[in-house]
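Data first, discussion second: the structure below is written as structure tokens.
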Amino acid sequence: MADTQRPYVLLRHREIPDFDNLEVYRQNNGFKAFEKVVTQMQPAEVVEVVKASGLRGRGGAGFPTGLKWSFIDNKNWPHYVVANADESEPGTFKDREIMEGNPYQFLEGVAICAYAVKANAAYVYLRGEFWELAGRLDQHIAAMQAAGLLGDRLFGTDYALNIYTHLGAGAYICGEETALLESLEGKLGQPRLRPPFPPSFGLYSKPTIVNNVETLANVPLIIEHGSDWYRTYGTEKSPGVKIYSLSGCVNRPGNYELPLGATFRELIFEYGGGIPGGRQVKAIMAAGASSSLIVANDQALDTSMDYESVPNVGAQLGSASVIVIDESVSIPWLINKTVHFFRHESCGKCTPCREGTYWMSHLTERIAQDQAKPADVELLYEVASQIRGKCLCALGEFSIEAVASGIERFRGDFERLEPQAESDQRIG
Amino acid sequence: MHVEKSAHRLPSLEVQAILAKYPPDQRRSAVMPLLYLAQREKMYVGREDLAEIAEILGLTPTEVASIVGFYSLYYDEPQGKYHIQVCTDLPCALRGADRFMQELCARLGIQPGKTTADGLITVEAVMCLAACDKAPMFQLQSGAGLQYYENQTLESALALIEQLRQDAATKRGRNGHG
């Protein structure tokens, strides 16, 4: 579906058949940007173009990509690039579509990033469940090698690059960049204390750039068309396009590539076709299960989905995984779901997260089953408040977002705790 | 530790291809792909596999076992031949995944997380599989790898299970102990 009045930047496979074929990709200017940087540009110039484009990390943190690249430590060698393809946030399914449909644009982004930070090896760390996809990426990488796009002496220069895939094995925490690096080193996927950050101390203790798949997929077209072109999309502080993964209580769930700054109302009602059964939208989670619950009033629905505006309605844009919650859903049931996820995925390294998610899950279980006393809600809020700000990594912090905002903003859902069957929440 | 090498050798060509992906002084990085290789045929990692991988990488078997314990896609004991792993996280649950899971288990006569009497099918709830827009969905984990099945109904899932049972019966017949 043409969800915008312009050609796609990232989901180009939806317009061009067989875009996952190397020949087709090259017929559409594929790998011209990589050739241009290797043969005509200094690495620092590439970093400057990406900086000027205003591209920000699409994995959730929104950190300026060019700035991150400029932090690479040039006194310590070798350098590495790692693509974070661990996509595991409930509500997020955009990187998978990019890697399935438009794999070469992603791999070209990896290659340009590697050249820009003077790395000769790059790893794509995929979640273990992407086993089939990893096999296809291996075939694409082999096709690039056969075509002289990877290996030694690229385009007649001294530059050499190899890209390898690496499969995780089922651990949400490995999406956290330092846990991912530990896992890639063959250890338990547990986060490191930061600083130092990966650009100075990353894979094998060497300078490393870790970027999300979607972030890297933007890079070839920024090089091809320039940073000014990229800034024609989006807002001043959040330039470019973003893939919004839309899920939950909505008629047409899916990925929608839109300029940053489109509103929740446009996404949910125009592109997503509204709510099944004509029900009312009650809450929105903008950043998957890690999101606080936005009260879906008119102000929220008309908010721009960019990094600066979403905090105005008490949430973060994060990875832009928009879960729509309609009026038939009870918030106690919802937070029980998210807390169970975080309890399962806690890596166990730090106490607030390991113990906190455990205790929260006991309370949310009782509350969701209407077996709780009103005091249990206060206790849950108290436990969540004690987790806040005390965890080693963002996962622990994320575990309380829906809980705390749910109790604060949807108090009414917790006040009718006296026995009432809520067993069948679902829209079917 | 005594290891019966002849009986349990991992295929050496594949081992070499895996090791070649990482710097020579960072062999430990190969532990996860080697565990997948060990698990491929019989769907779990045995003690002899731990010992062999430890020997290849210069680790102790305990260190290798800690990786098996931490990551959810590795198994340290025999499993049902096919694992149907249904995502029941929030976005999928909003599209009926909990009901799908309950009905599927009821039709198979098992509790979630358990295996059918013929030892063939295990149904379990798992965490998000990055397919939230195509729920109900599950992944099928078997010795052949992992496959996604999306936009599922009870009928489509039961048809797949019937197919898996037929395949298993055919295989048993061919191997002559059916």
Side-chain angles (χ1 to χ4, degrees), chain A residues 78 87-96 121 123 127-132 135 164-172 183-190 204 245-249 252-255 285 288-289 321 323-326 329 333-334 337-338 340-341 344-345 347 424-428, chain B residues 17-18 20-23 25-36 39 53 57 59 63-64 66-74 85 87-100 102 125-137 139 141 144-148 150:
Chain A
E87 182 162 71
S88 304
E89 177 71 41
T92 311
F93 42 90
K94 64 192 178 60
D95 296 337
R96 184 177 154 223
Y123 291 93
R127 61 178 300 177
E129 291 82 353
F130 287 171
W131 177 88
E132 264 188 310
Y164 308 98
T165 60
H166 182 98
L167 269 183
Y172 168 79
S183 177
L184 184 46
E185 290 181 3
K187 301 169 189 162
L188 304 189
Q190 293 183 318
Y204 310 131
S245 292
L246 180 64
S247 68
C249 310
R252 289 198 295 269
N255 286 318
M285 300 178 85
S321 316
I323 306 175
V324 180
I325 316 297
D326 77 23
V329 179
W333 172 84
L334 183 152
K337 276 280 178 196
T338 64
H340 270 265
F341 174 79
H344 187 269
E345 297 299 337
C347 80
D424 188 25
Q425 292 297 334
R426 287 318 344 129
I427 57 175
Chain B
I18 288 169
K21 291 170 106 172
Y22 309 98
D25 58 343
Q26 303 290 350
R27 293 164 81 88
R28 183 178 183 142
S29 278
V31 67
M32 292 173 72
L34 289 177
L35 284 169
Y36 277 123
Q39 187 167 280
I53 292 170
L57 301 179
L59 300 171
E63 286 172 311
V64 179
S66 75
I67 300 293
V68 174
F70 185 84
Y71 294 96
S72 65
L73 289 178
Y74 299 125
Q85 299 171 322
C87 174
T88 56
D89 263 328
L90 176 62
C92 282
L94 291 171
R95 299 186 69 77
D98 283 331
R99 182 184 299 165
F100 171 79
Q102 284 161 10
V126 294
M127 300 294 139
C128 183
L129 295 170
C132 321
D133 55 335
K134 302 188 180 72
M137 64 81 58
Q139 67 180 358
Q141 188 179 16
L146 281 167
Q147 266 120 23
Y148 274 36
E150 301 176 317

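Small disclaimer: the values here were computed from a predicted structure and weren't measured. Convention: sequence-line order gives letters A, B, ...; per-chain numbering from 1.
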Original post:
Looking at A:Gly288, A:Pro78, A:Gly168, A:Ala289, which makes the most heavy-atom pairs under 4.5 Å with chain B?
Top reply: A:Gly168
Original post:
What residue in A:Leu246, A:Asp95, A:Leu167 has the most heavy-atom pairs under 4.5 Å with chain B?
Top reply: A:Leu167
Subject >> Which of B:Phe70, B:Tyr74, B:Phe100 touches chain A most, by non-hydrogen pairs under 4.5 Å >> reply: B:Phe70
Original post:
Shortest non-hydrogen contact from A:Gly91 to B:Cys128?
Top reply: N-SG, 4.1 Å
**OP:** Apply the test side chain to side chain contact (heavy atoms under 4.5 Å, CB included) to residues A:Phe130 and B:Tyr148: give CA-CA distance (whole Å), side-chain angles for both, the deciding distance (0.1 Å), then the verdict.
**Re:** CA-CA 9 Å; A:Phe130 287 171; B:Tyr148 274 36; 3.7 Å; yes
**OP:** Go through the side-chain N and O atoms of B:Tyr71 and A:Ser183 and say whether any donor and acceptor fall under 3.5 Å apart.
**Re:** yes
**OP:** Hey, could you give me the OH/CD1 distance between A:Tyr164 and B:Ile18, rounded to the nearest 0.5 Å?
**Re:** 14.0 Å
**OP:** Tell me, out of A:Glu132, A:His340, A:Glu89, who's got the most heavy-atom pairs with chain B below 4.5 Å.
**Re:** A:Glu132
Subject >> Closest heavy-atom pair and its distance - B:Lys21, A:Tyr123 >> reply: O-OH, 2.6 Å
Subject >> Trace of the side chain to side chain contact (heavy atoms under 4.5 Å, CB included) decision for B:Met32 with A:His166 >> reply: CA-CA 9 Å; B:Met32 292 173 72; A:His166 182 98; 4.0 Å; yes
**OP:** Identify which part of A:Thr92 has an atom lying under 4.5 Å from any heavy atom of chain B, answering side chain, backbone, both or neither.
**Re:** backbone
Subject >> side chain to side chain contact (heavy atoms under 4.5 Å, CB included) evaluation trace for A:Glu129 with B:Leu73 >> reply: CA-CA 8 Å; A:Glu129 291 82 353; B:Leu73 289 178; 4.0 Å; yes
Original post:
Looking at B:Thr88, B:Val126, B:Leu90, which has the largest count of heavy-atom pairs under 4.5 Å with chain A?
Top reply: B:Leu90
Subject >> Top contributor to chain B contacts, counting heavy-atom pairs under 4.5 Å, from A:Gly254, A:Ser247, A:Gly189 >> reply: A:Gly189
Original post:
Rounded to the nearest 0.5 Å, how far apart are OH of A:Tyr172 and CG of B:Asp89?
Top reply: 10.0 Å
**OP:** First locate atom CZ of B:Arg28, then atom OH of A:Tyr204, and finally report the distance between them rounded to the nearest 0.5 Å.
**Re:** 11.5 Å
Original post:
Where on A:Leu188 is there a heavy atom nearer than 4.5 Å to chain B: the side chain, the backbone, both, or neither?
Top reply: both
Original post:
From B:Lys134 NZ over to A:Phe93 CZ, what is the distance, rounded to the nearest 0.5 angstrom?
Top reply: 7.0 Å
**OP:** Please report the closest heavy-atom contact between A:Gly186 and B:Ile67, naming both atoms and the distance.
**Re:** O-CD1, 3.3 Å
Subject >> B:Cys132 side, atom SG; A:Arg96 side, atom CZ - distance, nearest 0.5 Å >> reply: 9.5 Å
Original post:
Given a strict heavy-atom distance threshold of 4.5 Å, which part of B:Gln141 is in contact with chain A: side chain, backbone, both, or neither?
Top reply: neither
Subject >> Top contributor to chain B interface from A:Gln190, A:Glu87, A:Glu345, A:Lys187 [non-hydrogen pairs under 4.5 Å] >> reply: A:Lys187
Subject >> Winner by heavy-atom pair count (cut-off under 4.5 Å) against chain B, out of A:Ile325, A:Thr165, A:Val324 >> reply: A:Thr165
